[in-house]
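The structure under discussion appears below in the form of structure tokens.
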Amino acid sequence: MAQAVSQRWNRTDGVIVAPGTAPEAVAAAFAARSVVARLEWFPTTAHLLSLTLMTDMDGRVAVTPASRGGVVPGPGVGELVESLARELTADVAVGPASFNALPGDLTLPPSTTHGAASARTVVVSPMSAYMVPLQATLLERPLAVASAPDLDRRIVMYSGEGNDLGAFGWDEESLPALVLTSDSEDMSVRAVTTGDPDEDAVFSWGMSSLHVWGAVEEPGPALRALADEVLADRKDASDIAAAVPGADLEAAATAVLRPGAEGFQAMIEALGLPDWVLKVLTGSLAPVEVPGIVVHEPRGLSNAVGRSVGLFLEDPSSPGSAFWHSYVRTVTDMPWAVRAVTLLEAGLGGALMGAAARRHRSGGGLPGGLMSVGTFLIVDAVTEVSLASWTRHRELRRRADRETALVAEELGA
């Protein structure tokens, strides 16, 4: 039965902007048209409502019939949108249909970013570690990152006002991403699966919700089951759980039914995230206090590129990582070998350039091939000396820092 229902009726989302109109009045307008719907809004912006309807394959809205239970196809989406917009003097958009009946001289209440200054955000993503320094520079904000090996995910944290991860788009290797946000007014979770905001699965524990059962005051078992199948947040919960490997779908579906902080905590537990994630989101633990945390500051593009390349080469799973580590050991422990190779390369380049010059003096043309290869070998040798010197200096400093830390630990013990 549930399968047949889900095949016939589709969930269609929309939004209503109705300044000066209470959500209860909007609900009454749907009820007067026998339309089954679900309305949601933030208490501080009650003139902005999101709505969810049921539509069939022909774009007709589900309505309750006068003679029996369940629902039947009613007016088309476009007809309903225009009718509601005119009655409520509102801007209404549902699926592909929209109609704006707001007065041209109307000034809308300023929209606020809910708790932007107090917002704490945790992003769970397969994003590579070497991408984080670049993101910190791009977003112009510090990013704290920790690894969750059990989930095969990276956990990135930040707080306060500023651009969010994904503000300039998502790359494929960072998806699916899960964005959990908590502030003074709301707690929400968003699953980003394709990078298209219209396809995100979102649930908020800070929104008020109201079901409209068409012309029926109390829904019967069939109508309630249908609404639970199509209008409820079970699909959102499923998409949210699918963004994290090993998440408990049933527990996630239960979490969206719980209120406020209780539901938010239940969702974090259902997703199998570390215990400290909830502490970070509630403000009881600073990101810098998370075990194994690394903070990347926005220090300019060249610095970010350098750090990203370093992380890329140090990552054992990165292509070329084994070669890089072998190279570091060679230039650090056997600098004489590097000098010998570069001297040989430079000598060969000089010899080729000398041969080209002798041929030119003897009356022949300047052999371009010999001159080009010789020049390349000399330039490459000089570059290799510089790279080897920089790499050796960096590795020796890292080893010294590690030994200093070990000594300090032994003395402290």
Side-chain angles (χ1 to χ4, degrees), residues 4-42 45-109 111 194 196-202 207-217 219 222-224 226-236 239:
V5 165
S6 63
Q7 288 176 347
R8 179 177 180 183
W9 295 106
N10 302 310
R11 171 172 168 159
T12 303
D13 297 314
V15 63
I16 297 179
V17 183
T21 304
E24 291 75 15
V26 176
F30 278 99
R33 293 165 174 78
S34 301
V35 176
V36 178
R38 181 184 177 195
L39 305 176
E40 290 183 306
W41 67 94
F42 284 104
T45 53
H47 66 288
L48 301 175
L49 299 95
S50 67
L51 62 95
T52 308
L53 306 174
M54 292 184 287
T55 59
D56 65 8
M57 295 298 293
D58 296 322
R60 295 175 297 180
V61 179
V63 299
T64 54
S67 58
R68 59 186 176 85
V71 294
V72 296
V77 171
E79 179 185 346
L80 175 67
V81 165
E82 181 175 353
S83 173
L84 287 171
R86 291 187 183 279
E87 178 181 339
L88 300 172
T89 314
D91 185 359
V92 183
V94 178
S98 63
F99 194 91
N100 187 359
L102 291 172
D105 58 349
L106 177 68
T107 301
L108 293 175
S111 59
T194 65
D196 182 354
D198 293 334
E199 298 184 16
D200 292 353
V202 184
M207 298 184 78
S208 299
S209 180
L210 177 63
H211 275 89
V212 181
W213 302 108
V216 178
E217 292 186 5
L223 180 54
R224 188 175 291 276
L226 178 60
D228 288 342
E229 179 72 21
V230 183
L231 298 183
D233 294 298
R234 185 172 182 85
K235 183 181 186 305
D236 285 337
D239 291 342

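What you are looking at is a predicted structure, and each value in this text was computed from that prediction instead of being measured. Below, each value reflects all heavy atoms present in this structure, side chains not excepted, and no hydrogens, waters or symmetry copies. All residue numbers refer to positions in the sequence shown, counting from 1.
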Quick one: which of [options] gives a side-chain contact (heavy atoms from CB on, under 4.5 Å) with [X]?
X: Met54; options: Asn10, Val35, Leu226; value: Leu226
X: Val94; options: Val15, Thr12, Asp13, Val61; value: Thr12
X: Trp213; options: Leu223, Val71, Thr64; value: Leu223

Would you name the heavy atoms of [X] and [Y] that are closest together and state the gap between them?
X: Gly70; Y: Pro65; answer: O-CD, 3.3 Å
X: Ser209; Y: Trp41; answer: C-CZ3, 4.4 Å
X: Leu231; Y: Arg38; answer: O-NH1, 3.3 Å
X: Val77; Y: Ala97; answer: CG1-CB, 3.8 Å
X: Thr89; Y: Ala101; answer: CG2-O, 3.5 Å

Looking only at atom types and distance, does a side-chain atom of [X] sit under 3.5 Å from a main-chain N or O of [Y], one as donor and one as acceptor?
X: Asp58; Y: Arg60; answer: no
X: Asn100; Y: Leu102; answer: yes
X: Arg11; Y: Ala232; answer: yes

Return the CG to OG1 distance between Leu39 and Thr52, rounded to the nearest 0.5 Å.
8.5 Å
Non-hydrogen side-chain atoms of [X] and [Y] separated by less than 4.5 Å:
X: Arg8; Y: Pro73; value: yes
X: Arg33; Y: Leu84; value: yes
X: Glu229; Y: Trp9; value: no
X: Ile16; Y: Phe30; value: yes
X: Pro219; Y: His211; value: no
X: Val202; Y: Asp236; value: no

Candidate pair Leu80 and Leu53, rule side-chain contact (heavy atoms from CB on, under 4.5 Å), full reasoning
CA-CA 11 Å; Leu80 175 67; Leu53 306 174; 3.9 Å; yes
Provide the full list of salt bridge (charged side-chain N to carboxylate O under 4.0 Å, His left out) pairs with a residue in residues 14-24, sequence neighbours left out, each pair given once.
none
